[in-house]
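Below, chain A is the first sequence line, B the second, and so on; all start at residue 1.
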Amino acid sequence: MIDFDKWQEILSSIRRHPMRTALTALGVFWGIFMLIILLGAGKGLQNGVEYEFRDDAINSIWIRRGVTSIPYNGLPKGRSISFSNEDYNMLAESFDGVEHLTGRYYLSGDQTASYGDKQLSFNTRSVHPGHQYLENTIMMSGRYINDTDIEEFRKVAVIGKIVQQDLFGEEDPLGKEIAIGGIVYKVVGTYRDTGGENEMRTIYIPISTAQRVYAGTNEVHQIMFTTGDLSIEEVKQLEHEVRAAFARRHEFDVEDRRAIYLSSAIEEFQRFNQLFASIRGFVWFVGIGSIFAGIIGVSNIMLIVVKDRTREIGIRKALGATPYSIVSMILQEAIVITAVAGYFGLLAGVGVISLLSSMEVDFFRNPRVDIWVGVVATIVLVIAGALAGLMPAMKAARIHPIEAMRT
Amino acid sequence: MIRLNNIKKSYQTGYNHLEVLKGIDLSIQDGDFVSIMGSSGSGKSTLLNILGILDEYDSGDYYLNDVLIKDLTQTDAARYRNQFIGFVFQSFNLLPFKSAWENVALPLYYQKVDRQLRKEMAIEYLANVGLADWADHLPTQLSGGQQQRVAIARSLITKPKIILADEPTGALDSKTSHEVMELFQKVNQEGITVLIVTHENDIAAMTKRIIRLRDGIIESEGLTASAVASR
């Protein structure tokens with residue numbers, strides 16, 4: 001197939017019809033180019049939205065206290081519901097769907113943190129070990145709060161990157177003691193968080209310690225848990241069961257939406273996922289459309305090429321060209337043009353995408369395109385162009401030389 | 001060289017069934033120089049196309065070089081054309097985007113001859129028709145007579161058994177026509193069979209034998225005066 005003479009024939013034919021070649025090439029180039037841009041932009045949009053969700057575990061359920069709004073069992077409305085360690089234990093023991101579980105107890109009063117002669121104000125959260133997974137906390141050194149800390153009411157603290165920088169500077173904080181509201185804690189770990197600077201201005205301490213030291217209570221302000229890889233239906237079912245369990249324990253109507261607040265990110269995430277699915281579908285629809293337009297363009301040009309060259313084909317046949325040599329001459333020209341144009345479309349598309357990737361806009365981030373999609377699209381276009389040319393080329397190869405030469 | 005037995009050919013045009021050749025019996029010997037004459041519609045071009053394996057016939061037998069040319073595949077037809085036959089056309093039929101030598105070399109391309117050898121042979125054959133200095137010119141840069149000489153060089157380069165020429169002087173003035181005919185005579189003297197279709201008597205007179213067609217049959221057949229004289 002690949003012989004020098006044939007390439008000479010193809011190149012001379014391409015040179016002979018620069019306009020026709022340019023138009024064919026442009027159609028193919030544009031089809032591939034647009035497909036790459038569309039796919040890349042679609043991916044960028046998806047990455048952007050996923051980035052917005054990066055902080056918290058997306059499969060988490062948050063339970064907050066509320067006030068009853070419906071009288072129940074002879075109890076009046078307007079009762080405040082509050083949570084305790086027992087609620088936490090109930091969730092831990094009775095629900096299989098609960099993966100990582102934590103409560104939060106909010107400190108009141110003075111929370112000034114001090115180390116040496118530095119005194120700074122940070123946000124302090126008292127939590128269970130499971131909290132690490134709910135906030136996507138990433139340990140940099142040492143360890144997170146563990147079960148023993150909770151059981152033994154240890155005075156230990158895990159500090160964020162910003163806290164570490166502000167209090168300790170270059171010093172290694174592990175094993176050092178800091179005071180929070182006058183109580184001394186030993187630093188056992190440092191962390192960072194994908195959720196941004198604010199999340200790294202937080203100090204985590206064991207919830208049991210906080211409850212005992214600051215208030216002498218077993219109250220919990222908020223409970224959160226993750227649901228592992230449960231499906232959205234299973235999560236909804238779990239939500240329903242959890243609500244029912246709380247309604248029984250705290251004696252409120254299970255239909256009372258204000259007694260406690262259950263919220264999960266999964267529905268919102270699911271909505272975005274559906275949005276992505278439709279965007280992806282749309283992108284593919286348009287992309288395939290542009291490829292299709294390219295194919296039609298190539299087919300059109302091929303028809304014209306064959307018609308244009310009927311006389312030439314007749315002469316060549318009279319001089320001894322076989323039908324095969326005629327068909328392969330026409331097809332190879334089409335394949336060379338579409339392949340080269342498709343390749344440049346691919347290059348240009350990827351180039352534009354990489355220019356866009358430096359852009360940081362809300363909900364648009366890091367557009368990428370699977371290069372193989374582009375390669376496959378180019379190959380499809382080349383094959384389709386060849387097939388489109390095959391019919392007229394075969395017809396032309398069958399034509400009687402005499403008729404061809406009369407045109 | 002060529003033997004035709006009762007060749008018939010008809011065309012279907014719309015509702016009309018047009019019988020163009022109504023039974024042609026003909027034999028042409030090696031080294032002959034024949035002209036086929038006849039008014040338009042007599043079937044002479046159709047006969048030439050059948051002889052050139054450019055068209056098929058309905059019934060009868062056609063032997064070329066003792067090979068029965070019947071129901072050939074396109075590929076076989078192309079091979080026989082390339083091996084046995086050289087064509088010269090009224091409208092020259094040179095490829096306009098190729099230089100004179102490239103046009104002459106084209107049949108060798110289909111014989112898979114090496115490019116360098118093709119070029120050498122093409123220039124040699126162009127020299128034989130007196131156009132050595134025009135090898136790199138495009139057909140549009142040549143006169144009609146020169147183009148036809150390029151076409152003749154192209155028809156000769158495969159060393160065919162027979163040259164088939166369809167009105168080779170039809171587009172040329174009489175002086176150039178005679179030059180082209182002299183070229184054909186030279187080719188014929190080298191032993192190649194030449195068959196031309198023409199409607200000009202003075203052109204036919206330069207051949208050795210004249211076959212007259214009329215309404216699809218051979219009306220008469222005879223040696224030309226010059227052929228008789230040369231005997």
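- Contacts between Arg15(A) and chain B at a heavy-atom distance below 4.5 Å are absent for every atom of the residue.
- Here the side chain of Asn82(B) pairs no donor or acceptor atom with the backbone of Ala321(A) at under 3.5 angstrom.
- Counting heavy-atom pairs closer than 4.5 Å to chain A, the top-ranked of the candidates Leu54(B), Ile53(B), Ile85(B) is Leu54(B).
- The neighbour count for Tyr343(A) OH, taken as heavy atoms of other residues, nucleotides or ligands under 6.0 Å away, does not exceed 12.
- Neither the backbone nor the side chain of Thr73(B) comes within contact range of chain A, judged by heavy atoms closer than 4.5 Å.
- Heavy atoms from other residues, nucleotides or ligands lying under 6.0 Å from NZ of Lys70(B) number more than 12.
- Pairing each heavy atom of Ala318(A) with each of Phe89(B), the nearest pair is CB-CZ, 4.0 Å.
- No more than 12 heavy atoms of other residues, nucleotides or ligands lie within 6.0 Å of CZ in Arg214(B), so this atom counts as exposed by the packing criterion.
- Of the two parts of Tyr80(B), neither the backbone nor the side chain holds a non-hydrogen atom closer than 4.5 Å to a non-hydrogen atom of chain A.
- Put simply, the side chain of Pro96(B) does not reach to within 4.5 Å of the side chain of Arg311(A), judged on heavy atoms.
- Atoms CG and CD, on Leu106(B) and Glu312(A) in that order, are 8.5 Å from each other to the nearest 0.5 Å.
- Residues Lys98(B) and Arg316(A) come closest through the heavy atom pair CE-NH2, 3.7 Å.
- Taken from CD1 in Ile315(A) to CZ in Phe87(B), the straight-line distance is 12.5 Å, to the nearest 0.5 Å.
- Between the CD atom in Gln74(B) and the NZ atom in Lys317(A) there is a gap of 3.5 Å [rounded to 0.5 Å].
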Begin from the C-alpha positions of Leu319(A) and Arg81(B) and carry the test side chain to side chain contact (heavy atoms under 4.5 Å, CB included) through to its verdict.
-> CA-CA 7 Å; Leu319(A) 299 180; Arg81(B) 276 200 292 275; over 6 Å; no

